[in-house]
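All remarks here apply to the structure that follows.
Only this structure's heavy atoms are used, side chains among them; waters, hydrogens and symmetry mates stay out.
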Amino acid sequence: MENPSLPQAPAFSDAERAAVYHAIFSRRDVRGQFLPTPVPDDILSRILMAAHHAPSVGFMQPWNFLLVRSDDVKQRVHDVFRQANDEAARMFPDEKREIYSKLKLQGILESPLNLCITCDRTRSGPVVLGRTHMPTMDLYSSVCAVQNLWLTARAEGLGVGWVSIFHEKALQQALGIPEHIVPIAYLCIGYVSHFNERPELEKAGWLPRLPIEELVFHEQWGSKNAAEDGLTVRLREMQAAIQQDGIFPQ
């Protein structure tokens, strides 16, 4: 039972909270709408600082941020992508391969700024608080930095596209990244002509948005409430409002 006498940290104002949800629900993986307009340093500094303030296991802050603006370097990275992308296309069955061939999966050359966020797994030494039994927590921490940057970029009106179709070693070589440093995310960043209303892969029919009610368990894996509880009903209504009417939580 809640104790009304205990102090409680304040929530954001209605407008502040709505802005957070707006960034989350309107964020898109951008591939083909980039404009050549450079990203100003004051805005770039803000989104990099937001990434640097992501949570990290043991406060180890394992990330680095490798900025790429040179056409020559972008072309090297694009060549690495193209080789892996050709291989990837052959991995899918025929019906998926046809859709795959029509998808634009990167904006490496079009975006004015590329950014590789990495993870230094040796930072803070061999024993890290919170990573003693789950060693991959440093990788997850770096992903949190990616998400911080992505959401703040959207709030600044910047599009971000995550390119993941690479051979890791080939990408390391193209960017001069040491072998012990893990490339987490190669991001294309810039102003865009528009943000799609729905994720591009959903719009293209690659996969649908999964019903959230099927993804929520209670107490034990796979356990769902037998009755229609309030949370299940609310989640179903909320997802319907988002998908059918474009009404997001505020």
Side-chain angles (χ1 to χ4, degrees), residues 23-52 54 63-89 100-119 139 142-177 181-204 206:
I24 291 171
F25 286 104
S26 64
R27 180 211 57 81
R28 293 291 178 263
D29 195 353
V30 176
R31 284 83 175 259
Q33 304 100 261
F34 285 108
L35 302 175
T37 309
V39 178
D41 283 347
D42 59 336
I43 294 178
L44 180 57
S45 65
R46 289 199 291 268
I47 66 174
L48 287 173
M49 191 62 71
H52 184 46
W63 42 70
N64 280 86
F65 306 100
L66 198 167
L67 301 169
V68 177
R69 296 187 177 92
S70 161
D71 290 339
D72 291 341
V73 178
K74 288 180 183 178
Q75 187 61 60
R76 287 205 304 270
V77 173
H78 187 270
D79 291 344
V80 173
F81 162 82
R82 185 171 55 190
Q83 178 184 354
N85 190 54
D86 290 344
E87 296 170 358
Y100 188 96
S101 66
K102 297 176 182 178
L103 295 173
K104 182 172 176 56
L105 299 175
Q106 51 78 33
I108 297 169
L109 301 179
E110 299 91 336
S111 59
L113 176 65
N114 292 186
L115 169 65
C116 187
I117 298 182
T118 62
C119 178
L139 301 174
S142 296
V143 174
C144 289
V146 176
Q147 185 75 336
N148 268 21
L149 181 137
W150 210 334
L151 292 176
T152 50
R154 178 64 187 90
E156 297 281 2
L158 294 171
V160 177
W162 187 333
V163 188
S164 58
I165 306 172
F166 296 114
H167 287 291
E168 185 175 292
K169 289 188 179 300
L171 181 61
Q172 288 173 313
Q173 292 171 359
L175 296 175
I177 297 174
I181 302 294
V182 181
I184 297 296
Y186 193 89
L187 306 174
C188 305
I189 303 173
Y191 291 103
V192 296
S193 59
H194 64 280
F195 290 96
N196 291 325
E197 291 185 5
R198 290 190 295 156
E200 192 169 343
L201 292 183
E202 181 183 10
K203 185 178 178 181
W206 186 258

Whether Glu200 side chain and Arg28 backbone form a donor-acceptor pair below 3.5 Å: no

Polar side chain donor-acceptor pair, Asp79 to Gln83, under 3.5 angstrom: no

Heavy atoms from other residues, nucleotides or ligands near NZ of Lys104 exceed 12 (cutoff 6.0 Å): yes

Atom of Ala153, atom of Val160 and distance for their closest heavy-atom approach: CB-CG2, 3.6 Å

Sequence neighbours excluded - salt bridge (charged side-chain N to carboxylate O under 4.0 Å, His left out) pairs with any residue from residues 150-166: Arg46-Glu156

Residues Asn196, Gln33; criterion side chain to side chain contact (heavy atoms under 4.5 Å, CB included); working and verdict: CA-CA 9 Å; Asn196 291 325; Gln33 304 100 261; 4.0 Å; yes

Smallest separation among heavy atoms of Cys116 and Ile177, with atom names: SG-CD1, 4.1 Å

Minimum-distance pair of heavy atoms, taken over all atoms of Tyr100 and Ala88: OH-CB, 3.3 Å

Euclidean distance, Phe81 CZ relative to Asp86 CG, rounded to 0.5 Å: 8.5 Å

Side chain to side chain contact (heavy atoms under 4.5 Å, CB included) evaluation trace for Ile43 with Leu158: CA-CA 9 Å; Ile43 294 178; Leu158 294 171; 3.8 Å; yes

Over 12 non-hydrogen atoms of neighbours within 6.0 angstrom of CG in Asp42: yes

Pairing residues for Phe166 by the ring pair (Phe, Tyr, Trp, His ring centres under 6.0 Å) criterion, not counting sequence neighbours: Tyr186

Phe195: ring pair (Phe, Tyr, Trp, His ring centres under 6.0 Å) partners, not counting sequence neighbours: none

Test item: Glu168 and Val182 side chains (from C-beta on) under 4.5 Å apart, heavy atoms: yes

Leu149 and Leu115, any side-chain heavy atoms less than 4.5 Å apart: yes

Nearest-0.5 Å distance that lies between atom CG in Leu113 and atom CG in Leu44: 6.0 Å

Interatomic distance, Ser45 atom OG to His52 atom NE2 [nearest 0.5 angstrom]: 13.0 Å

Considering all heavy atoms, the nearest Ala174-Val80 contact: CB-CG2, 4.2 Å

Check: Thr118 and Trp63 side chains under 4.5 Å, non-hydrogen atoms: no

Pairwise distance CZ(Arg76) to CD1(Ile108) - rounded to 0.5 angstrom: 12.5 Å

Ile24 side, atom CD1; Leu151 side, atom CG - distance, nearest 0.5 Å: 6.0 Å

Heavy-atom side-chain proximity of Ile181 to Asn64 below 4.5 angstrom: no

Pairwise side-chain contact, Val77 with Val68, heavy-atom cut-off 4.5 Å (strictly under): no

Nearest atoms (heavy-atom pairs only) where Val39 meets Gly190: CG2-CA, 4.1 Å

Any donor-acceptor N/O pair, Lys74 side chain to Ser111 backbone, under 3.5 Å: yes

Heavy-atom check, side chain of Gln106 versus side chain of His78, under 4.5 Å: yes

Given Val163, Asn114, Ile117, the one that forms side chain to side chain contact (heavy atoms under 4.5 Å, CB included) with Leu187: Ile117

Shortest non-hydrogen separation from Ala50 to Asn148 and the atoms involved: O-ND2, 2.9 Å

Rounded distance (nearest 0.5 Å) linking atom CH2 of Trp206 with atom NZ of Lys102: 12.0 Å

